[in-house]
2 protein chains.
Amino acid sequence: MRSTPALPPQLAGRLGVAVTRLARRMRSQRRSDALSSTQLAALHSLYRLGALTPRELAVCERVQPPTVTRITAALEDLGLLSRHSHPNDRRQMILQLTPAGTALVAAADSASEQWLCGQLAMLSDGERASLAEAIPIMNRIANS
Amino acid sequence: MRSTPALPPQLAGRLGVAVTRLARRMRSQRRSDALSSTQLAALHSLYRLGALTPRELAVCERVQPPTVTRITAALEDLGLLSRHSHPNDRRQMILQLTPAGTALVAAADSASEQWLCGQLAMLSDGERASLAEAIPIMNRIANS
DNA sequence: TATTGTTATACTCTATAACTATA
DNA sequence: TATAGTTATAGAGTATAACAATA
């Protein structure tokens, strides 16, 4: 006997496969000079939440601190975010989008998002609405 | 001027971030002895489509042939799939789930799916329905 | 000569462990 | 002593290039 909920049938398996495939496709779609999915996700968090410390960004993205170091170093090199010392605690840093970083997020102006925009444009309004409904639910699961 | 469709606003960005985060979370949730997302996706394809050659599986999963070699070697070691020579063309192999592999897929009996099942159990019926609606749309985008 | 699959190799992403600076 | 961030290192996962066997 198994006590899984299982309405609709196989939902976990199908969701896992769909997310895996779409994530892989987005990554492969990315041009070599473009931002990675994780870099893009970090920019989105900073766009949504404003300035954060590396630690806060790590919690928010559910990655470890060294990963944040790498991601933010690359984004700083690209001029998309700035790193300042915390005024009261010199151990901490403050990460913040530059105008260029803000513009990039606001315009969905990255290679993988351009591709995704094109795909979404070919869907019906109803299909786009279905995706829009699913997004916060997926985020909730990812953050739980 | 930009000619993106953009209903609902920022949909591409939000979808990309949600998929990235959920894929990462599922991967980190996985126990060290468990199957990877890609291995699981391969099992699901063989479950759905029956026997395939490595080439066919590569096309279906949108990965390159060497990746299929690695994935299937691991799954064969675990006794989840079998590899036979093609009867007419000795260059080709036939990949097919074993009874153990079939049972694993049918039962969603893997660590990451167990975790995902638990998360899905905490959602409302309406939320599960929203996810179920979004899954085929994500698959369509991933395969386009 | 073209195709299937494998082996060799390299790159990206992410983690853990060890280190430095500050509190 | 505890905490923030970085550096060093290792392990997945996947790709491209080169190779072997077969058509």
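Computed from a predicted structure; not experimentally measured. Quick note on labels: first sequence line is chain A, next is B, and so on, each numbered from 1.
- Taking B:Arg30 as the reference, nothing meets the salt bridge (Lys or Arg N to Asp or Glu O under 4.0 Å) condition, with sequence neighbours excluded.
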Please tabulate, for the side chains in residues 63-72 of chain B, all donor-acceptor contacts under 3.5 angstrom to protein atoms that are two or more places apart in sequence or on a different chain.
residue	atom	partner	partner atom	Å
B:Thr69	OG1	B:Pro65	O	3.4
B:Thr72	OG1	B:Val68	O	2.7
B:Thr72	OG1	B:Thr69	O	3.3

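- Looking at residues 45-55 of chain A, you'll see A:Thr53, A:Pro54, A:Arg55 sit with a heavy atom under 4.0 Å from some atom of DNA chain D.
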Provide a list of protein-nucleic acid N or O atom pairs under 3.5 angstrom, restricted to nucleotides 14-17 of chain C.
residue	atom	partner	partner atom	Å
C:dT14	OP1	A:Thr38	OG1	2.7
C:dT14	OP1	B:Arg24	NH1	3.4
C:dT14	OP2	A:Thr38	OG1	3.0
C:dA15	OP2	A:Gln64	N	3.0
C:dA15	OP2	A:Thr67	OG1	2.8

Quick one: the dot-bracket string of DNA chain C, using Watson-Crick and G-U wobble pairs with both distances under 3.5 Å, [ ] for crossing pairs and | for bases paired to another strand. |||||||||||||||||||||||
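- A:Glu113 meets the salt bridge (Lys or Arg N to Asp or Glu O under 4.0 Å) test with no other residue; sequence neighbours excluded.
- For the salt bridge (Lys or Arg N to Asp or Glu O under 4.0 Å) condition, no pair includes a residue of residues 48-57 of chain A, sequence neighbours left out.
- A salt bridge (Lys or Arg N to Asp or Glu O under 4.0 Å) check over residues 90-101 of chain A, counting only residues at least two apart or in different chains, returns the pairs A:Asp89-A:Arg91.
- A:Arg83 is linked by a salt bridge (Lys or Arg N to Asp or Glu O under 4.0 Å) to A:Glu76, counting only residues two or more places apart in sequence or in another chain.
- The salt bridge (Lys or Arg N to Asp or Glu O under 4.0 Å) analysis of residues 133-144 of chain A, with sequence neighbours excluded, yields the pairs A:Arg140-B:Glu127.
- Of all the residues in residues 83-91 of chain A, A:Arg83, A:Arg91 reach under 4.0 Å from DNA chain D with at least one non-hydrogen atom.
- Using a 4.0 Å cutoff to heavy atoms of chain B, the contacted part of DNA chain D runs 5' to 3' from D:dA12 to D:dA23.
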